[in-house]
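Okay, structure first, notes after.
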Amino acid sequence: MRVSLPLKTKYIPMANVNLTFETREKLEVHSIPERLQLLIDLVGLINKFFRVERSPSFYAEKLLIKEYTLNQYCLIWLQKTTYELIQDKIHNEAVRLLMTTDWSAKRIAYEIGCSDPGYFSRCFKKKTGFTPKRFRLSDHKITINK
């Protein structure tokens with residue numbers, strides 16, 4: 001016996017964009033605003049290229065959009081610049097590697113695309129308050145994204 005579930009219409013306001021969708025058993029979004037799709041694509045590109053490309057202009061070029069415009073979309077929707085998103089990804093990957101591997105800080109620095117392990121350690125300490133070695137020894141109860 002098959003039971004048909006009634007459709008429910010839901011309204012979600014999202015930063016000057018309204019999505020209306022109908023659901024049965026799972027969420028179905030009928031359309032994603034173009035600007036939101038652009039940011040989804042940006043995150044995908046950052047995940048793919050963060051080890052080799054750190055320049056916001058690279059990502060803007062890949063998305064066929066001006067760097068300024070991309071930055072404005074990021075600020076409006078995510079409250080961060082494109083550069084901050086890239087840096088957050090690099091930092092989060094470093095934290096993940098420190099927590100899940102026994103690799104040295106030098107190897108992790110090279111793995112995330114940093115050619116100077118000393119610079120990596122300084123940046124990591126500035127962001128977390130810990131050196132990579134002290135972070136590994138701590139209980140990891142720090143904020144990953146500052």
Side-chain angles (χ1 to χ4, degrees), residues 1-101 103 105-130 132 135-136 138-146:
M1 183 168 125
R2 196 158 202 210
V3 176
S4 178
L5 296 172
L7 288 175
K8 295 179 182 177
T9 300
K10 295 185 179 182
Y11 172 78
I12 299 177
M14 293 177 59
N16 300 330
V17 175
N18 299 318
L19 292 178
T20 301
F21 56 90
E22 296 176 343
T23 61
R24 286 194 192 267
E25 294 176 337
K26 61 183 179 180
L27 176 67
E28 298 171 16
V29 178
H30 292 291
S31 66
I32 296 175
E34 184 179 331
R35 293 175 184 159
L36 184 55
Q37 184 61 52
L38 185 89
L39 293 176
I40 292 168
D41 294 344
L42 172 63
V43 170
L45 287 171
I46 290 172
N47 288 335
K48 185 175 182 180
F49 293 108
F50 77 94
R51 287 179 173 88
V52 292
E53 282 298 335
R54 309 268 168 101
S55 169
S57 61
F58 168 83
Y59 296 98
E61 186 178 312
K62 285 281 189 187
L63 294 168
L64 305 174
I65 191 171
K66 292 181 180 179
E67 184 179 346
Y68 175 82
T69 306
L70 179 60
N71 229 15
Q72 292 302 307
Y73 289 166
C74 289
L75 285 169
I76 290 168
W77 286 72
L78 305 171
Q79 291 76 49
K80 292 185 177 193
T81 64
T82 309
Y83 180 77
E84 289 171 327
L85 292 174
I86 297 164
Q87 292 303 309
D88 283 349
K89 174 60 182 172
I90 293 164
H91 176 72
N92 291 343
E93 183 68 10
V95 167
R96 186 187 71 77
L97 291 172
L98 282 167
M99 290 173 40
T100 61
T101 68
W103 294 352
K106 182 177 181 179
R107 181 172 178 187
I108 291 172
Y110 289 131
E111 180 66 26
I112 63 172
C114 186
S115 60
D116 182 359
Y119 178 72
F120 163 72
S121 291
R122 286 191 304 276
C123 289
F124 190 87
K125 184 174 182 178
K126 184 177 180 183
K127 185 115 174 151
T128 64
F130 293 96
F135 175 81
R136 183 174 272 152
S138 73
D139 59 4
H140 308 303
K141 290 183 180 174
I142 63 164
T143 304
I144 291 178
N145 284 327
K146 280 191 176 179

Gap between atom [atom2] of [Y] and atom [atom1] of [X] - 0.5 Å precision:
X      : Y      : atom1 : atom2 : value
Leu63  : Phe58  : CG    : CZ    : 9.5 Å
Glu93  : Leu97  : CD    : CG    : 4.5 Å
Lys106 : Cys114 : NZ    : SG    : 12.5 Å
Phe120 : Glu111 : CZ    : CD    : 11.0 Å
Leu70  : Leu64  : CG    : CG    : 11.5 Å
Leu45  : Phe50  : CG    : CZ    : 13.0 Å

Side-chain heavy atoms of [X] within contact of [Y], under 4.5 Å:
X      : Y      : value
Ile108 : Thr101 : yes
Leu42  : Tyr73  : no
Ile112 : Arg96  : no
Phe135 : Lys125 : no

In terms of heavy-atom contacts, does [atom1] of [X] have more than 12 from other residues, nucleotides or ligands at under 6.0 Å?
X     : atom1 : value
Gln37 : CD    : yes
Arg35 : CZ    : no
Gln79 : CD    : yes
Tyr83 : OH    : no

If you look at every heavy atom in [X] and [Y], which pair is closest and at what distance?
X      : Y      : value
Ser115 : Tyr110 : O-CE2, 3.3 Å
Ile86  : Arg54  : CD1-O, 3.6 Å
Cys74  : Thr82  : SG-OG1, 3.6 Å
Trp77  : Leu39  : CB-CD1, 3.3 Å

Does the Arg51 side chain pair with the main chain of Gly113, one donor and one acceptor, at a distance under 3.5 Å?
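No, Arg51 side chain to Gly113 backbone: no donor-acceptor pair under 3.5 Å.
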Please walk me through it: do Lys127 and Val95 pass side-chain contact (heavy atoms from CB on, under 4.5 Å)?
CA-CA 11 Å; Lys127 185 115 174 151; Val95 167; over 6 Å; no
Step-by-step side-chain contact (heavy atoms from CB on, under 4.5 Å) determination, Leu85 to Lys89
CA-CA 6 Å; Leu85 292 174; Lys89 174 60 182 172; over 6 Å; no
With side-chain contact (heavy atoms from CB on, under 4.5 Å) as the criterion, how do Thr81 and Gln87 come out once you've worked through the C-alpha distance, each side chain's angles and the decisive distance to 0.1 Å?
CA-CA 10 Å; Thr81 64; Gln87 292 303 309; over 6 Å; no
Who passes side-chain hydrogen bond (donor to acceptor under 3.5 Å, both in side chains) against Gln72, sequence neighbours left out?
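With sequence neighbours excluded, Gln72 shows a side-chain hydrogen bond (donor to acceptor under 3.5 Å, both in side chains) to no residue whatsoever.
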I'd like to know if Glu53 pairs up with Lys62 as an ion pair, taking the criterion as any Lys NZ or Arg NE/NH1/NH2 lying under 4.0 Å from an Asp or Glu carboxylate oxygen.
no
Can Glu67 and Asn71 be counted as having a side-chain donor-acceptor contact under 3.5 angstrom?
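The criterion, which ignores hydrogens and geometry beyond distance, is not satisfied for Asn71 and Glu67.
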